[in-house]
There are 2 protein chains.
Amino acid sequence: MPANLASALITKLAVSNHLDGEDIRAIQSLRIRERHLGAREIIVADGVRPGECCLIVEGFAFRSKTTANGERQVLSLHIPGDIPDLQSLHLGIMDHDLVSLSPCTLGFISHAELTEVTARHPHLAAALWRETLIDGSIFREWIVNVGRRAALQRMAHLLIEVHERLEAIGRTRGGEFSLPITQIDLGDCLGLSVVHTNRTLQVLRGERLVETDKSGFNLLDKERLKELAGFDRTYLHLTPSG
Amino acid sequence: MPANLASALITKLAVSNHLDGEDIRAIQSLRIRERHLGAREIIVADGVRPGECCLIVEGFAFRSKTTANGERQVLSLHIPGDIPDLQSLHLGIMDHDLVSLSPCTLGFISHAELTEVTARHPHLAAALWRETLIDGSIFREWIVNVGRRAALQRMAHLLIEVHERLEAIGRTRGGEFSLPITQIDLGDCLGLSVVHTNRTLQVLRGERLVETDKSGFNLLDKERLKELAGFDRTYLHLTPSG
DNA sequence: CGGCACTTTTAACTTGGATCAATGCGTTCG
DNA sequence: CGAACGCATTGATCCAAGTTAAAAGTGCCG
């Protein structure tokens, strides 16, 4: 199997888990089907019962839900090494959409294969369980974000979160990181209208806290952003012990 | 061990999982330490590393987070049979508070005991994993709720959710259910101020959709409420297959 | 019984963010 | 190349929900 597909997963899991040689060999032996997608394609749709899980090897994806009256809310952003639909292994039916944000390289792993490898490697199973729990922890912080923070704090919090997560897998250069997201989608992450998303970004730019271009962000003063957002990284569980 | 402690867990797990005789015996053999708490007591605090998990046997609890500038957001409501801090088994450090909403009977199970029983009973381990995944699914719906629904829809959605969950464990009488929550805490669930929470409840009462007293709610027209809220129960995963 | 503490309710006023509408701008594509 | 589309930006207006303050209700405890 191509080492590069599995290595995204290994790098990501190693952020929050102790992996031993056996775990790594087990991951490397997984049969992973490679697939390439353009931006804004539905990877797995709400309501379906997938037979495989999707590993993000390169690029970005998001999960989202659309309400009865057509409003969309983004639930999470996903980076290389994430398996955003890992829950489908045990929940069966998808209760939301999984969509590519940018052009992506994806690796699909069948449920059967995952079930078998986790049965044989309880330690790896625990690492995957832990990943879904960290997912849950990030969901909780997003509830706080949309529920109790004002637009400016909310935006700052999200940008710091993504920076921290990308930094942990070695995909930042100082405050810079790639995230080719439109203001429309950013607004849907934050529960804001596009217009207000734009105005909020302008305040962050005006304060010399953030620079943006269409491919990503540059956090110019992360300390001040953290203070503004009231950011506490505990919820990201970025060490194997926490 | 007292059968009544374990039976809350068995009833709850059976809602979303197939349990066989062996699973049930394994649950019944758990050493569960009983404890009684009054209302509004912190069960597990943000930042600590618990050595045990907390099963709700009787009563209600909630998880919450407080932002840097003192605003509180409730993250989830928990009912008998829930283990709201099951994630502490794998995440170690608590990233939020767990608090009793009403006077509660709780059952504490040590991490060591849980680790051992899940190692010996993979099927039970899967059931518990599934419970944490359903938790995650509910978190996602709460993100949508606070991010994209107006106050009235938001309130209706929450009340239906709690009703559905309580109905699944046999704790409703028609549209009625016990949930002794103040409007302050209800507002913190919904990301609303107390004043607006009160106004919103009054609209639901005025429309003859909901009756309230201090111990609970009565949903007078659940169909109309569901339509108002745009409620789709898929996310609750209330059957072992979905 | 009477007073303190907390919750619910009402009213008046303010505001953050939504909505509506238009313009500019960069890409893609016929 | 020019049209068309999607995204970013700006300005004007509106409104849902927040804030503040105070009154009214509900225990609970001494």
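Chain A is the first sequence line, chain B the second, and so forth, proteins listed ahead of strands; every chain is numbered from 1. What you see below is based on every heavy atom in this structure, not just the backbone, and it leaves out hydrogens, waters and symmetry mates.
Contact detail for A/Phe177 and A/Leu159: the closest heavy-atom pair is CZ-O, 3.9 Å. Shown here for B/Leu9 and B/Gly81, the closest heavy-atom pair between the two residues is CD1-O, 3.7 Å.
Ring geometry, A/His157 versus A/Phe231: the interplanar angle falls from 30° to 60°, so the pair is classed tilted.
The side chain of B/Gln202 contributes an N or O atom lying less than 4.0 Å from OP1 or OP2 of C/dT10. Remark: B/Asn198 is not in phosphate contact with C/dT8, judged by side-chain N or O atoms under 4.0 Å from OP1 or OP2.
Atom CD in A/Gln183 sits roughly 15 Å away from atom P in C/dC25 (whole-Å rounding). If you take CZ of A/Arg40 and P of D/dG6, they are 11 Å apart, rounded to a whole angstrom. Between the CE atom of A/Met155 and the P atom of C/dG16 there is a distance of 16 Å, given to the nearest Å. Atom CG in A/Asp213 sits roughly 12 Å away from atom P in D/dA8 (whole-Å rounding).
Using a cutoff of 4.0 Å between basic side-chain nitrogens and carboxylate oxygens, A/Glu164 and A/Lys226 are scored as salt-bridged. In summary, A/Arg35 and A/Glu52 do not engage in a salt bridge, as defined by a charged side-chain N under 4.0 Å from a carboxylate O. Using a 4.0 Å cut-off between charged side-chain N and carboxylate O, A/Arg165 and A/Asp82 make a salt bridge.
Within the structure, every pair that satisfies the salt bridge (Lys or Arg N to Asp or Glu O under 4.0 Å) test and touches residues 38-48 of chain B, not counting sequence neighbours, is listed here: B/Arg40-B/Asp185.
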- Heavy-atom protein contacts under 4.0 Å, nucleotides 24-30 of chain D, coded B base, S sugar-phosphate only, - none: ---S---
- Do nucleotides 15-21 of chain D as a string where each nucleotide becomes B, S or -: B if the base has a protein heavy atom under 4.0 Å, S if just the sugar-phosphate does, - if no protein is that close. --BBBB-
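Screening B/Val146, B/Leu77, B/Val74 for a side chain to side chain contact (heavy atoms under 4.5 Å, CB included) with B/Leu158, the sole residue that qualifies is B/Leu77.
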